[in-house]
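Reminder, nothing fancy here: chain letters follow the sequence lines and each chain counts from 1.
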Amino acid sequence: MKANYLDELNERQREAVAHINGPLMIVAGAGSGKTKVLTTRIAHLMRNGVDAFNILSLTFTNKAAREMKERVEKILGGTEARNLYIGTFHSVFARLLRAEAHRLGYPNDFTIYDSDDAKSVLKTIINEQNLDDKHYKPNLVYNRISAAKNSLMGPEEYQHDYAVQQEDMRANRPLTGKLYDMYAKRCFKNGAMDFDDLLFKMYVLLKSFPEVLHKYQHKFKYIMIDEYQDTNPAQYEIIKLLGAAHENICVVGDDAQSIYSFRGATIQNILQFEKDYEDAKVVKLEQNYRSTKSILNVANEVIANNKGQIEKNLWTDNGDGEKIKLVRTMTDNEEGKFVAETIAEQKLRNHYSNRDFAILYRTNAQSRAFEENLRRKAIPYRIFGGMSFYQRKEIKDFVAYLRVVTNPQEEESLKRIINYPVRGIGKTTMDKIAVLANDHNLTFWQVLERAAEFGFKSGTLEAIENFVMMIRSFQAMLGKHDAYEIAFQVGKSTGIVKELFNDKTTEGLARYENIQELLNSIKEFTETPTEDGELVLQEKSLGSYLQQITLLTDADKGGDEDSDVVKLMTIHAAKGLEFPVVFSVGLEENLFPSSLSINSREELEEERRLFYVVITRAKSRLWLTYANSRYRFGQLVNNESSRFLEEMPEKYIDRSYAGGGAVRSSLNTGNGLWGNSGGSNMFDRMQKKAPGQPQPQAGPRPMPKQAPAPNAASTHVPSAGFAPDDPATMEAGMEVEHQKFGFGTILNMEGAPNNRIATVNFPKGGGEKKIMLNYARLMIVKK
DNA sequence: ATCATGAGCATTTTT
DNA sequence: TGCTCATGAT
């Protein structure tokens, strides 16, 4: 262990680290060295005789957990750090529940449902109840159930809680409570827990089994919680229970960065800490090591508009740095173009690498314009978030097999795979099975196992029996083989891998690669040495693998972690990260703040905290951009600039960039604030336009893509003797015919030789289109 | 039973 | 706009 680890801390940080026993709250401003303090404190505890096995550290994301583990290891050296219990709430509780679930009547190999799985179960139930899923939208019902669980409210209480019932009545969904009840029962029957159950059931477990509570209280003598401002009531109560015996609870958080109330987090938890633990020590970390003065001052001034903050004064020794640049563009696409160009320019001017840049937005849907423009300028990038690897169809299908193997009572997965690949067990048969299962009070799997008793047609019966036999053969491997061996066998015996391999379309190829990647990740899982303490069962089993992956997000799928790429992500996903140069984009009313969050002070303040978070991600340079108009659901809409822009102190803002940026208040003060008066006229003109009218386009770009005349694409009749030509023989400039789009000219060719992509202009077929030649066939008309 | 087509809907944010 | 789901044709 490094001897001088305390010397590397400032006074406040040292104070926090040195506090060993009793409750401690660390109010850690943005960039104040929070992770350093947490990790050093763990090391310090161990140095002072605390056994690593007795330390529990809970984080919010897997990434944070991993980072913490690594940093503690670095401080300590050796392997002791491996005995620490560090993980997210969800993953740690999943692991504990895996050891204890039988007490609650769940199989220890219970399945974890992600939100898609959960909604799918709900949808089934809603339809079974003959309710209209347009009105009882699975999404909405799921959110209600989720909120209930996060405040530890079970189906019984839910249905008897007057206020809750009133809300459901008002929303005209009085049966929500009933659905909650049925959903909970169905999950139980399936041996499955959703994300919220991992917290809820953990609480129930500790509350109902004093001996279990005692066991873990004794085990986790020291508890640390990161991002405490984002905990919800369920997490709060669990911590309270676990920590009650020793009260060695250390929470770290920043009320100014609480941005997860939509998920049930309550800022009250952090504001209340001192009341909950009267002898709590409070340490404030107020020195920021990350950002320039300009950036930090802007952030401070913005967040001062929120009420009820924990008082703190974040300051920095860093230099003033450049002013924050405010940029207005006409359209979302120009916003993308501006950002891409600025990145290219900054790379040259200030010798930045791609990895130094982050583009941060409010919603995932905003990423497209940046992707396109970065690609155009050949700047490598990576998008974090969005559709997760594990949400892809082929992955879910494959994982469904693995789930059925470990937990055959789980119906969602069973339904998913029973006829994939096609084996003649279609809808009719499934309906019949559902009825049988219901009538005889059996699970689907039990019906399948006893199919012979129920008079299926002989062909169907044979298909079912083969299926059952196959699954059983996998199950027979469970005790003797690790996750990879079983998964490999599944891929082989079911024919999935072969089927995807034989699919030579682009999508088929991608799917095949994804499955290979999944198999690789399973292999990697089985080959990574075990690093955990006593509680672990069979760490390399298929069951424990499945337990993990549902809790992984795209961002956790490491690998090219430090590759040199520009990073694109939502502001939420960027919390806890820092970048030399940040582009905070889409700063418009209705987008940021979101139109859904401007109806109450609380919601608006959360949006403002989000703005605070994005500003404080930046180390040295910060661009704030917004567009006058952008496409939303295919509609061009005009937006005013974000109200938050008006809350920033003028002296740190540079409005001259890119032809000047405008803020609403500038409109009132007339002209002259902008470096470029042409921009102002343009802006005025835009504002005066009646909504819905076509907007003039600025710049050299052509008018927005003309919508093709209705049916233009479908009226083309292929010439007699239409025969596709070999893609390899095609070149730009040729005239070609497409069966649907008609005649056109190839403008450009790109892509690998075996996967060429042509940009073709079809005058009568909807204009420019990108055509993947491997499957859209073209005939050469003229070379 | 599978595919193609079109209607309708969606956007907050994520473990 | 682009995706998902339901529907209907083959």
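- In this structure, the CZ atom of A/Arg368 is 10 Å from the P atom of C/dT1, given to the nearest Å.
- Under the side chain to side chain contact (heavy atoms under 4.5 Å, CB included) criterion, A/Lys498 pairs with A/Asn502, not counting sequence neighbours.
- For A/Tyr260 and A/Asn232, the side-chain atoms include no donor-acceptor pair closer than 3.5 Å.
- When the C1' atom of B/dT11 is taken as reference, atom OH of A/Tyr361 falls 13 Å away, rounded to whole Å.
- Put simply, CG on A/Asp133 is 15 Å from P on B/dG8, counting in whole angstrom units.
- B/dT13 and C/dT4 have their P atoms separated by 15 Å, with the value rounded to a whole Å.
- Side chains of A/Ser521 and A/Tyr545: a donor on one and an acceptor on the other come within 3.5 Å.
- Residue A/Lys137 has no polar side-chain atom (N or O) positioned under 4.0 Å from OP1 or OP2 of B/dG8.
- For A/Glu603, the side chain to side chain donor-acceptor pair (under 3.5 Å) partners are A/Ser600, not counting sequence neighbours.
- The side chain of A/Val422 lies closest to B/dA1, out of B/dT13, B/dA1, B/dT11.
- Taking only side-chain nitrogens and oxygens, A/Asn364 comes nearer than 4.0 Å to OP1 or OP2 of B/dT14.
- Rounded to an integer number of Å, the gap from NZ of A/Lys427 to P of C/dA6 is 10 Å.
- No cation-pi contact links A/Lys149 to A/Tyr203, judged by a cut-off of 6.0 Å to the six-membered ring centre and 45° from its axis.
- Looking at residues 253-260 of chain A, you'll see A/Tyr260 sit with a heavy atom under 4.0 Å from some atom of DNA chain B.
- To the nearest angstrom, P of B/dA10 lies 18 Å from CG of A/Leu591.
- The distance from atom CD of A/Gln635 to atom P of C/dG2 is 13 Å, rounded to the nearest whole Å.
- Between A/Arg376 and A/Asn373, the closest side-chain pair of non-hydrogen atoms falls below 4.5 Å.
- Side-chain atoms of A/Tyr631 and A/Thr331, non-hydrogen and from C-beta on, never get closer than 4.5 Å to each other.
- Between A/Lys134 and C/dC5, a side-chain N or O to OP1/OP2 separation shorter than 4.0 Å is absent.
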